[in-house]
Amino acid sequence: MQVIQSVGQMQQFSENMRTQGKKIAFVPTMGFLHEGHLSLIDYGRKNADVLIISVFVNPTQFGEGEDFQEYPRDLVRDCEIARKARVDVVFVPEVLEMYPKDFQTYVTVESLSQPLCGAFRPGHFRGVTTVVAKLFNIVKPHIAIFGKKDFQQWVIIRKMVKDLNLDIEVIGLPTVREHDGLAMSSRNSYLTKEERDSALSLYQSLNMAKDMVASGERNVSQIVCKIKDFILSKPYTKIEYVKICSPDTLEDMETLEDKALLAMAVKIGKTRLIDNTLLEVAKEKANATDHVKIQNP
Ligand code: PAF
C-alpha cells in the first residue's frame, strides 16, 4: 500500500493506472475509519482493479464554531486499517496543497444544498462539493463510493456529477449501524456513556416512524411531532430538524407518498448526529389496499 501526499504524484499514479486499462474505485473520507467506511472500501475492492481512499479533514465544509480542530484524527491507525482492507493508495494531502492562499473557485449545487443540513450549516455543502470535485480531478476514479447515512450529501454529489458531466459512477451504500442500531460515525467517539444512551433515540425514532406508517399513518406532521416528542424526552437532546421529504428533490412533503425520506439532525450534548431512513408505501394492484415496505437506505 502506498501513502501519497502530493497532488501531482496522485494524478500521475492514477493516469498510469488508466493507461494500463485499470478500473479505479475511490472512497473519499475524513479519516478515523470505522465499519461504515470499511463497507465502502469493501465494495470498491470487489468492483474495481485499483482502490484509492483519501483521508482529508476538509476545512471548507466546517462552519465557524464547528468541530474542525477537534475532529478525530489518527492517520497511523487509518493506514493500518486501510492496509488490512487491501487499499492500494491512501491519499493524504496537506490543507495548503488543496487550498493554496490564492484559492478562489467553489462548486455549488444550488437548491439541493439549501434544506435539511444545509439550513443549519451554511456553506457546508459548498465545501463538500468543492473538495469532492477537486478529489475527483486528482484521483480520476471510474467509480466513487459514498455512505447513505449522509443521504443529502449523496444526492448532491450525484447531481454535481450529472450536471458537470463528470464521467464517474456514484455509488451509495446503506448505513452501517452498531449492534444496538446507532449509525456509525466518527463523531460517535465524542459521546459519553450517558449521551450515547440518548443518541439511540435517533434510530429508535426511525423505527417508531416505520411502525406508524405500517399502521396506516400518512400525515407527515403527526409522524414528525411524535418523533420530536420522543427524542426530546431523552436527556442531552436538542433537535435541529426532523423532516419527511422527497428523496429526489429533498422538498418537504405533507402527506406520505409512495417513497419518502425521513431525515434528522440532533445534537446530543455538543455532538451533532444525523440519521435517516426511507419510508415506502406500496400500492397493491389487485385490491388497491396500502401495504408498507420499509427500506433502510
Ligand atoms: O462524508 C465525508 O466524510 C466528507 O464529507 C467527504 C465526502 C469525505 C468530503 O470531505
Side-chain angles (χ1 to χ4, degrees), residues 4 7 10 25-41 43-44 51-63 66-75 77-78 81-82 85 87 89-99 103 106-109 112-113 116-118 120-139 141 143-161 164 166 168-176 183-190 263 265 271-276 297:
I4 297 181
V7 168
M10 188 65 253
F26 177 45
V27 179
T29 84
M30 297 207 300
F32 216 67
L33 302 180
H34 52 65
E35 291 291 328
H37 297 114
L38 282 176
S39 81
L40 314 181
I41 288 173
Y43 183 96
L51 173 58
I52 301 174
I53 73 166
S54 59
V55 173
F56 180 65
V57 185
N58 172 38
T60 63
Q61 70 189 75
F62 289 80
E66 291 189 352
D67 58 344
F68 173 67
Q69 298 297 345
E70 298 80 40
Y71 196 85
R73 293 161 169 90
D74 191 341
L75 188 57
R77 178 178 162 275
D78 286 345
I81 292 173
V87 169
V89 177
V90 182
F91 176 52
V92 196
E94 293 288 344
V95 171
L96 266 178
E97 189 162 13
M98 291 295 277
Y99 299 109
F103 185 87
Y106 290 87
V107 178
T108 305
V109 174
L112 290 172
S113 299
L116 307 178
C117 290
F120 292 87
R121 303 186 71 189
H124 168 68
F125 288 115
R126 181 177 93 138
V128 170
T129 38
T130 300
V131 82
V132 170
K134 283 171 69 68
L135 289 167
F136 282 175
N137 281 327
I138 297 166
V139 173
I143 63 173
I145 309 145
F146 295 84
K148 286 204 225 169
K149 182 180 78 89
D150 298 289
F151 194 94
Q152 185 175 15
Q153 170 174 280
W154 173 65
V155 170
I156 288 172
I157 287 165
R158 247 181 7 187
K159 187 80 176 108
M160 174 184 83
V161 163
L164 298 182
L166 304 181
I168 298 170
E169 190 188 346
V170 178
I171 314 278
L173 295 186
T175 303
V176 177
M184 295 257 180
S185 162
S186 304
R187 289 190 170 99
N188 291 348
S189 64
Y190 296 148
T271 307
R272 183 181 186 276
L273 298 179
I274 56 172
D275 208 340
N276 71 78

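Start at 1 and go down the list; that is how both ligands and their atoms are numbered. Just so it is clear, the model here is predicted, and its values are computed rather than measured.
Contact atoms of ligand 1 toward Pro28: 8 (C) (distance under 4.0 Å to a heavy atom of the residue). Heavy-atom contacts of Val131 reach the following atoms of ligand 1: 9 (C), 10 (O) (cutoff under 4.0 Å). Against a heavy-atom cut-off of under 4.0 Å, Thr29 is close to the following atoms of ligand 1: 8 (C).
Summary of contacts: the protein heavy atom closest to atom 10 (O) of ligand 1 is Gln61 OE1, 2.6 Å. Distance from atom 3 (O) of ligand 1 to its nearest protein heavy atom, with residue and atom name: Met30 CG, 3.6 Å. Protein heavy atom in closest approach to atom 5 (O) of ligand 1: Gln153 OE1, 2.7 Å.
Take Lys134 and apply the salt bridge (charged side-chain N to carboxylate O under 4.0 Å, His left out) test, not counting sequence neighbours, and it matches no residue. Evaluation of the side chain to side chain contact (heavy atoms under 4.5 Å, CB included) rule for Asp74 yields Phe32, Val76, Arg77 as partners, not counting sequence neighbours.
Checked options Gln152, Met160, Lys159, Arg158; the residue passing with Ile156 is Gln152 (criterion: side-chain contact (heavy atoms from CB on, under 4.5 Å)).
Other residues, nucleotides and ligands contribute at most 12 non-hydrogen atoms within 6.0 Å of the CD atom of Glu94.
Heavy-atom minimum distance, Phe62 versus Phe68: CD2-N, 3.4 Å.
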